[in-house]
Amino acid sequence: MTVRLIFGCGYLGHRVARRWLAAGDRVYAVTRRIERAATWQGEGIRPLVADVTTPETLAGLPEVDTVLYAVAHDAASGQPRQATYLDGLQNALGALQPNFRRLVYISSTGVYGDQQGEWVDEETPCEPQRDAGQACLAAERWLEAGSFAERAVVLRLAGLYGPDRIPRKSVLLAGEAIDAPQHGFLNLIHVDDAVEAVLAAADADLRLPRRYLISDGTPVVRGEYYGELARLIGAPSPRFRSSEAETPARARAGADKRVSNARMLAELKLRLRFPTYRDGLRAIVAAAQGP
């Protein structure tokens, strides 16, 4: 039996956990919330109540074969993003039994910063301007330079979407203007395809350390995306506005690039269920409307 441990069993990690359970694996997951632990236990997940930013809570972690680190930063915590993405990773790995076989670290295409609409791949120099991208890149570099390098796979995820997570849906339905430019590229990956990437990265025979861009490989101009989404959900045509406030959403919109998924397809052998945003949005909207 393969034993898996998930740090960050949220929108992506929870789906991965279900797939591993269905395959007969033993799955542990770390959470800070006792109430969430009870829910997981009912699903067959073995909960561990701990916090990666508090090392003393991580004592007694089980011996495992695979580690998935997919922890999202909690903005309400008041801690810097480095506390989650780098320090938390160091705390987690420092508390683990050292004989695990594979680590999958969930990073972000935000490590590239603004590339002025150019294509990027895994070897493109990274110049992140935002705190999140900087913290993810620091964690990647620490992993690839240290003792865990020969077990590490880094997955740089594009914008994650799927059921119950469609960016700006509520804004469009309300007929409000989107506070972002309509130009520039969106790079997306449906959560079901992201799960397949994690599963492949966890078990494939790879030359490590290795990093992969996880994207559908079909960037779309922002205005076109929101126009199609509005059409599918019956919302008014999108409007855009430009405010002077520097919000996280506006900062993300300013990091214009197109993400290649060629290495992912070639080495992880993925066949995407949703190779374009149109495929993904149609499936989500159809499922929400029911038979």
Side-chain angles (χ1 to χ4, degrees), residues 5-17 28-40 45 47-61 67-96 103-114 126-143 146 148 154-162 164-171 176 178-180 191 194 243-255:
L5 173 59
I6 300 174
F7 294 93
C9 194
Y11 189 69
L12 174 64
H14 198 181
R15 286 171 167 81
V16 173
Y28 293 90
V30 171
T31 181
R32 293 175 300 166
R33 302 177 186 173
I34 295 177
E35 65 275 14
R36 181 176 289 175
T39 301
W40 288 350
I45 300 171
L48 304 168
V49 179
D51 185 341
V52 296
T53 66
T54 309
E56 55 269 24
T57 68
L58 296 167
L61 292 178
V67 180
L68 170 61
Y69 193 92
V71 181
H73 179 68
D74 181 5
S77 69
Q79 296 180 317
R81 293 181 185 275
Q82 178 173 313
T84 301
Y85 298 140
L86 175 58
D87 301 343
L89 176 66
Q90 293 173 336
N91 293 337
L93 296 185
L96 278 170
L103 165 69
V104 180
Y105 179 76
I106 301 300
S107 185
S108 166
T109 56
V111 298
Y112 293 103
D114 182 23
C126 295
E127 298 179 353
Q129 286 86 44
R130 298 175 56 237
D131 290 346
Q134 292 168 358
C136 284
L137 184 60
E140 288 186 23
R141 288 176 172 169
W142 176 79
L143 266 181
F148 298 104
V154 170
L155 303 183
R156 293 174 175 170
L157 263 64
L160 194 65
Y161 76 106
D164 302 316
R165 184 181 285 194
I166 303 179
R168 311 286 194 165
K169 178 181 176 181
S170 60
V171 174
E176 299 173 356
I178 295 172
D179 186 17
V191 66
S243 70
E244 295 183 359
E246 184 57 31
T247 64
R250 287 195 61 78
R252 285 193 297 271

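These values consider heavy atoms only, across backbone and side chains, with no hydrogens, waters or symmetry-generated copies. In this chain, numbering begins with 1 at the start of the sequence shown. Because the structure is a prediction, the values reported are computed rather than measured.
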Interatomic spacing from SG in Cys136 to CZ in Arg141 - rounded to 0.5 Å: 12.0 Å

Any Arg156 side-chain heavy atom under 4.5 Å of Leu137 side chain: yes

Of all the heavy-atom pairs spanning Ile6 and Ala17, show the shortest one and how long it is. CD1-CB, 3.6 Å

Can you tell me how far CG of Leu143 sits from OH of Tyr69, rounded to the nearest 0.5 angstrom? 10.0 Å

Measure across Pro128 and Val111 and return the closest heavy-atom pair with its distance rounded to 0.1 Å. CD-O, 3.0 Å

Measuring from Glu176:CD to Arg168:CZ, what's the distance to the nearest 0.5 Å? 10.5 Å

Determine the minimum heavy-atom distance between Ala29 and Ile45, stating which atoms define it. CB-CG2, 3.7 Å

Determine whether a donor-acceptor pair (N or O, by modelled atom type, separation under 3.5 Å) exists between the side chain of Asp51 and the backbone of Arg32. no

With side-chain contact (heavy atoms from CB on, under 4.5 Å) as the test, would you mind laying out the steps for Val191 and Leu12 before giving the verdict? CA-CA 7 Å; Val191 66; Leu12 174 64; 4.3 Å; yes

Atom pair CG (Leu86) and CG (Asn91), whose distance is rounded to the nearest 0.5 Å: 9.0 Å

Can you tell me how the ring of Phe148 sits relative to the ring of Trp142, calling it parallel under 30°, perpendicular over 60° and tilted otherwise? tilted

For the backbone of Gly133 and the side chain of Tyr85, can you confirm whether one donor and one acceptor N or O come within less than 3.5 Å of each other? no

Could you list the residues that satisfy side-chain hydrogen bond (donor to acceptor under 3.5 Å, both in side chains) with Thr84, not counting sequence neighbours? His73

Heavy-atom check, side chain of Leu5 versus side chain of Val30, under 4.5 Å: yes

To the nearest 0.5 Å, what is the distance between OH (Tyr11) and OH (Tyr161)? 9.5 Å

Exercise: identify the closest heavy-atom pair between Val49 and Ala37: CG2-CB, 4.1 Å

Interatomic distance, Arg130 atom CZ to Asp114 atom CG [nearest 0.5 angstrom]: 12.0 Å

Quick one: closest heavy-atom pair of Ala194 and Leu157, and the distance? CB-CD2, 4.3 Å

Scanning both residues in full, the closest heavy-atom pair of Gly13 with Leu68 reads CA-CD2, 4.3 Å

Only one of Leu93, Val154, Leu96 clears side chain to side chain contact (heavy atoms under 4.5 Å, CB included) with Leu103; which? Leu93

